[in-house]
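Start at 1 and go down the list; that is how both ligands and their atoms are numbered. Values in this document were obtained by computation on a predicted structure and should not be read as measured data.
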Amino acid sequence: MQVNVGDSILELVEGDITRQDTDAIVNAANSQLRVGGGVDGAINRAGGPRIQEEARRIGYCPTGQAVITTAGDLPARHVIHAVGPIFQGGDKGEPDLLASAYRESLKLASAHGLASVAFPSLSTGVYGYPVDQAGRVALKTVRDYLTQHPEIKRVRFVLFGQPTFEAYARALQELS
Ligand code: ADP
């Protein structure tokens with residue numbers, strides 16, 4: 001499923017983020033930039049130790065921000081480590097922090113001259129963000145960024161499993 005945003009493409013696929021050959025893939029990181037489970041574990045297993053070595057040198061990333069490293073052995077060129085919020089009911093600034101994690105990731109891609117970025121569904125695993133709500137925030141934030149930044153040609157959401165894919169598909173239909 002895909003939509004055009006200006007000359008750029010916003011697309012949804014069901015799949016595994018580690019297999020994407022976009023210029024960057026985004027990791028659902030924690031502030032300590034330590035290897036965890038979920039997307040993070042999968043990226044570090046598939047990409048080898050260089051990713052974690054670089055992340056350890058950077059050391060820390062606040063919630064709502066992002067940092068960039070090599071992609072090690074992965075097909076992508078870079079990993080952007082974005083820290084989404086832990087969901088605590090929704091009235092602790094979570095939507096703004098989640099939007100910020102997406103926006104800051106895209107800003108890093110623009111700053112590094114990267115034209116294609118693949119995102120997982122940030123915060124909807126261990127961090128507990130309800131996927132319908134998270135999908136709406138994610139897609140609106142990315143759509144708005146692409147409207148202003150035609151240098152990013154393609155953003156792909158790589159959604160793990162059919163329920164997550166369908167939640168994002170509904171959110172994209174609502175938005176467009
Ligand atoms: P967070 O800590 O931000 O919640 P998680 O990594 O626990 O991040 O999960 C975020 C989302 O990514 C969940 O929907 C999870 O099912 C999904 N996910 C897990 N592994 C992969 C993968 N290899 N590719 C894409 N998405 C994945």
Residue set satisfying side-chain hydrogen bond (donor to acceptor under 3.5 Å, both in side chains) with Arg19, at least two apart, ordered chain then number -> none
Go through it in stages, so that I can follow the logic: the residues are Phe157 and Val13, the test is side-chain contact (heavy atoms from CB on, under 4.5 Å), and I'd like the CA-CA distance, side-chain angles, deciding distance and then a yes or no. CA-CA 6 Å; Phe157 279 88; Val13 302; over 6 Å; no
Near Thr124 (heavy-atom distance under 4.0 Å), the atoms of ligand 1 are 4 (O), 11 (C), 13 (C), 14 (O)
Hey, does Thr18 come in under 3.5 Å of ligand 1, counting only N/O atoms on both sides? no
The atoms of ligand 1 lying under 4.0 Å from a heavy atom of Ser121, numbered in the order shown, are 10 (C), 11 (C)
Option set Phe160, Tyr127, Phe165, criterion heavy-atom distance to atom 21 (C) of ligand 1, minimum: Phe160
For the 3.5 Å polar cut-off, considering only N or O atoms, please tell me whether Ile17 and ligand 1 meet it. yes
Whether the Glu151 and Ser110 side chains hold a donor-acceptor pair (N or O, under 3.5 Å, no angle test) is what I'd like checked. yes
Nearest-contact summary for atom 6 (O) of ligand 1 - protein heavy atom, Å: Val39 N, 2.8 Å
Using a 4.0 Å heavy-atom cut-off, say whether Val158 meets ligand 1 through its side chain, its backbone, both or neither. backbone
Answer yes if the ring centres of Phe119 and Tyr102 are under 6.0 angstrom apart, and no otherwise. yes
Look at Lys140 together with Asp144 and state whether they make a salt bridge at an N to O cut-off of under 4.0 Å. yes
Ligand 1 atoms nearer than 4.0 angstrom to some heavy atom of Gly38 are 6 (O), 20 (N)
What atoms of ligand 1 come closer than 4.0 angstrom to any heavy atom of Asp16? 22 (C), 23 (N), 24 (N)
Closest protein heavy atom to atom 8 (O) of ligand 1, given as residue, atom name and distance to 0.1 Å: Ala28 CB, 3.5 Å
Report yes if some N/O of Gly125 lies less than 3.5 Å from some N/O of ligand 1; otherwise report no. yes
Numbered in order shown, the ligand 1 atoms found under 4.0 Å of a heavy atom of Ala42 are 23 (N)
Pair Thr69, His78: side-chain N/O donor-acceptor within cut-off below 3.5 Å: no
Gap separating the CG atom of Leu33 from the CG atom of Asn27, nearest 0.5 angstrom: 9.0 Å
So is Gly84 close enough to ligand 1, meaning a heavy atom under 4.0 angstrom away? no
Test of proximity, Thr164 against ligand 1: N or O pairs below 3.5 Å: no
Please write down residue, atom name and distance for the protein heavy atom closest to atom 3 (O) of ligand 1. Ser123 N, 2.9 Å
Give me the atom names and distance for the closest heavy-atom approach of Ile80 to Ser105. CD1-O, 3.5 Å
Ligand 1 N/O within reach of Val126 N/O, cut-off under 3.5 Å: yes
I'd like to know if Asp7 pairs up with Lys153 as an ion pair, taking the criterion as any Lys NZ or Arg NE/NH1/NH2 lying under 4.0 Å from an Asp or Glu carboxylate oxygen. no
Arg50 and Glu53 ion-paired at < 4.0 Å: no
